[in-house]
Amino acid sequence: IKEVMRSYIKLTGKDLSEESYRSLELSILRIAYALAKLSKSNVTPIHVVKAIQLKDNTLTTEQIKYLTAIAKGLI
């Protein structure tokens, strides 16, 4: 999960001066937790990718595929 978060921040070049890393991380994890709860499972890196996708609608299909590959351990 941490690797997906790090990759997301590196990938997008988010300016963390406006929004702290902790705040960004917690908001994404809250969404991921809700998604996991809906599927009655524990939070997985895939839930984090889905949460990032919901929170940041500016990501391209290639960026989502890249984050998904990291979440699945392919990269």
Side-chain angles (χ1 to χ4, degrees):
I1 291 174
K2 287 182 182 183
E3 186 60 35
V4 172
M5 292 296 297
R6 284 188 200 122
S7 298
Y8 166 64
I9 290 172
K10 287 179 187 176
L11 186 67
T12 58
K14 283 267 186 201
D15 181 16
L16 296 179
S17 61
E18 295 174 12
E19 184 177 12
S20 74
Y21 175 78
R22 183 115 172 106
S23 172
L24 177 67
E25 183 179 38
L26 287 176
S27 65
I28 290 172
L29 289 177
R30 275 190 231 114
I31 296 169
Y33 177 75
L35 291 170
K37 199 170 181 181
L38 285 171
S39 64
K40 297 180 182 179
S41 66
N42 292 327
V43 177
T44 65
I46 296 297
H47 289 120
V48 174
V49 172
K50 289 180 182 178
I52 289 169
Q53 192 174 5
L54 288 170
K55 184 160 177 58
D56 187 351
N57 59 2
T58 63
L59 291 177
T60 65
T61 305
E62 291 80 24
Q63 290 171 322
I64 297 292
K65 286 180 182 178
Y66 175 72
L67 290 174
T68 303
I70 291 172
K72 290 181 177 180
L74 301 174
I75 296 177

Checklist entry - Taking the side chain as C-beta and beyond, is there a heavy-atom pair between Y8 and D56 under 4.5 Å? => result yes
Checklist entry - Are I9 and V4 co-members of a hydrophobic cluster defined by side-chain heavy atoms under 4.5 Å apart? => result yes
Without placing hydrogens or testing angles, list every side-chain donor-acceptor pair under 3.5 Å for residues 28-40, not counting sequence neighbours.
residue	atom	partner	partner atom	Å
S39	OG	L35	O	3.4
S39	OG	A36	O	3.1
S39	OG	S41	OG	3.1
S39	OG	H47	NE2	3.4

Cut-off 3.5 Å, no hydrogens considered: what does the side-chain donor-acceptor table look like for residues 61-75, sequence neighbours left out?
residue	atom	partner	partner atom	Å
Q63	OE1	T60	N	2.8
Q63	OE1	T60	OG1	3.4
T68	OG1	I64	O	2.8

Checklist entry - Between E25 and M5, which heavy-atom pair has the shortest distance, and what is it? => result CA-CE, 3.5 Å
Checklist entry - Mind checking whether I46 and V43 sit in one hydrophobic cluster, side chains of I, L, V, M, F, W, Y counted as touching below 4.5 Å? => result no
